[in-house]
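Inspection log for the structure reproduced underneath, given as structure tokens.
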Amino acid sequence: MEASILQPELAAKIADLYDRMEKAYDLVARQLDFTCDGCPDNCCDSYFQHHTYVEWAYLWVGLQELEPERRKGMENRAVEYAAACERALARGERPQVMCPLNEEGRCGLYKHRLMICRMHGVPSSLTYPNGQIKKFPGCFRCQEIVGDRQVVPMVERAPLFRELAALEQELLGARQGELSKVKKTIADMILLGPPRL
Ligand code: SF4
Ligand code: SF4
């Protein structure tokens, strides 16, 4: 039997948080009249590592719902992805490899895609507890739309990150300090199977 470690209540909470991330993103996208339609690029080949067990576990909730054949395809692509990344990293380059969940240009696990995928595109900011603000300009197309505007709508990431951290704490409880830190690509998460907690 597969190790599924996310209780339905916690899965519903992360789904709700993801939904609100999407709404925050859509609000900024609407204000900028920005969509991905007609984009010549596909940013699903951007190299990202992800950092929470709760997102890893929720990704697996989605993978476990797929028909075996589709999941097998993703697993096969994850093997190729991991090998291609290893080669690029060995050359000292940042990998640029299509995400193994991408199917014909679209996310094959859209409802379960991770937070970084949900933030990428529009401008956003991250306000630290000391008041410092880090700004993210958005993807190249969105930057073209923003141009030299003085007032730029942004998704503020901090409250969303805090909620994700709280869900991570809820999942891990007292084990949080004992477990190794997560720093994994989506391919790693696929190939390792659900996190064993
Ligand atoms: S987020 Fe930006 S780069 Fe990525 S597909 Fe959309 S428009 Fe293109
Ligand atoms: S999880 Fe989905 S949205 Fe994120 S990079 Fe992969 S295919 Fe793209």
Side-chain angles (χ1 to χ4, degrees), residues 6 11 14-15 17-67 70-85 88 94-125 135-147 149 152-155 157 160-161 164 182-195:
L6 208 55
I14 190 160
L17 174 58
Y18 276 169
D19 187 49
R20 283 179 290 113
M21 285 178 183
E22 203 165 310
K23 287 195 169 85
Y25 180 102
D26 287 346
L27 182 65
V28 171
R30 271 201 306 280
Q31 286 171 310
L32 289 169
D33 203 14
F34 164 75
T35 74
C36 293
D37 291 349
C39 178
D41 195 9
N42 186 326
C43 47
C44 294
D45 63 5
S46 308
Y47 183 72
F48 287 125
Q49 287 167 313
H50 308 268
H51 300 284
T52 59
Y53 284 98
V54 73
E55 286 201 284
W56 180 359
Y58 190 64
L59 184 78
W60 263 95
V61 172
L63 285 164
Q64 284 170 331
E65 287 169 1
L66 293 176
E67 316 85 73
R70 258 184 90 199
R71 196 167 105 193
K72 188 73 196 143
M74 290 172 177
E75 286 167 355
N76 291 342
R77 292 195 296 278
V79 172
E80 291 163 18
Y81 179 100
C85 287
R94 187 176 174 85
Q96 194 174 10
V97 189
M98 184 50 71
C99 174
L101 298 184
N102 194 290
E103 295 175 323
E104 296 173 8
R106 304 188 81 87
C107 182
L109 218 56
Y110 194 73
K111 261 174 57 192
H112 295 82
R113 73 195 192 284
L114 281 77
M115 179 188 66
I116 292 176
C117 306
R118 290 165 195 271
M119 292 286 117
H120 188 72
V122 300
S124 60
S125 55
K135 290 188 177 166
F136 304 87
C139 74
F140 79 99
R141 262 183 106 215
C142 202
Q143 288 181 47
E144 283 169 14
I145 290 172
V146 167
R149 280 179 189 227
V152 182
M154 290 192 189
V155 174
R157 296 182 178 194
L160 302 166
F161 281 16
L164 187 64
V182 177
K183 195 178 174 193
K184 305 218 174 295
T185 64
I186 286 174
D188 295 332
M189 292 177 174
I190 295 170
L191 296 174
L192 286 166

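The basis for the numbers below is simple: all heavy atoms, side chains too, and nothing from hydrogens, waters or symmetry mates. We count ligands from 1, going down the list as the structure has it; atoms in each ligand are counted the same way.
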Please verify the inter-ring angle class for Trp56 with Tyr53; under 30° counts as parallel, over 60° as perpendicular, anything in between as tilted.
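Aromatic pair Trp56/Tyr53 classed parallel.
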
Is the shortest distance from a Lys or Arg side-chain nitrogen in Arg30 or Asp26 to a carboxylate oxygen in the other one below 4.0 Å?
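No, this pair does not count.
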
Within 45° of the ring axis of Tyr81 and under 6.0 Å from its six-membered ring centre, is that where the NZ or CZ of Arg77 lies?
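Relative to the ring axis of Tyr81, which defines the angle, Arg77 lies outside at least one limit.
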
Taking 4.0 angstrom as the limit and counting only heavy atoms of Cys117, give me the atoms of ligand 2 inside it, by number and element.
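Result: 1 (S), 3 (S), 4 (Fe), 5 (S).
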
Numbering as shown, the atoms of ligand 2 that approach Asn102 to under 4.0 Å (heavy-atom distance)
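In order of numbering, the contacting atoms are 7 (S).
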
[atom] [closest protein heavy-atom partner, distance rounded to 0.1 Å]:
atom	value
atom 1 (S) of ligand 2	Ile186 CD1, 3.4 Å
atom 2 (Fe) of ligand 2	Cys107 SG, 2.3 Å
atom 8 (Fe) of ligand 2	Cys44 SG, 2.3 Å
atom 6 (Fe) of ligand 2	Cys99 SG, 2.4 Å

Closest approach of [X] to [Y] (non-hydrogen atoms, all atoms of both residues):
X	Y	value
Arg71	Leu63	CD-O, 3.1 Å
Ser124	Arg157	OG-NE, 2.9 Å
Tyr18	Leu114	OH-CA, 3.7 Å
Asn102	Cys107	ND2-N, 4.3 Å

Can you tell if the side chain of Leu160 reaches within under 4.5 Å of the side chain of Met119, non-hydrogen atoms only?
yes

Going by the atom numbers of ligand 1, which of them fall below 4.0 Å from some non-hydrogen atom of Phe140?
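Checking each atom against Phe140, I get 3 (S).
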
Report for atom 6 (Fe) of ligand 1, protein N, O or S closer than 2.8 Å, by chain and number, lists Cys36 SG

Please report the C-alpha distance between Phe136 and Met154 in whole Å, then the side-chain angles of each, then the deciding distance to 0.1 Å, and finally whether the side chain to side chain contact (heavy atoms under 4.5 Å, CB included) criterion is met.
CA-CA 9 Å; Phe136 304 87; Met154 290 192 189; over 6 Å; no

Measure Leu114 to ligand 2 on non-hydrogen atoms and call it side chain, backbone, both or neither using the 4.0 Å cut-off.
neither

Is the number of heavy atoms from other residues, nucleotides or ligands under 6.0 Å of Arg106 CZ greater than 12?
no

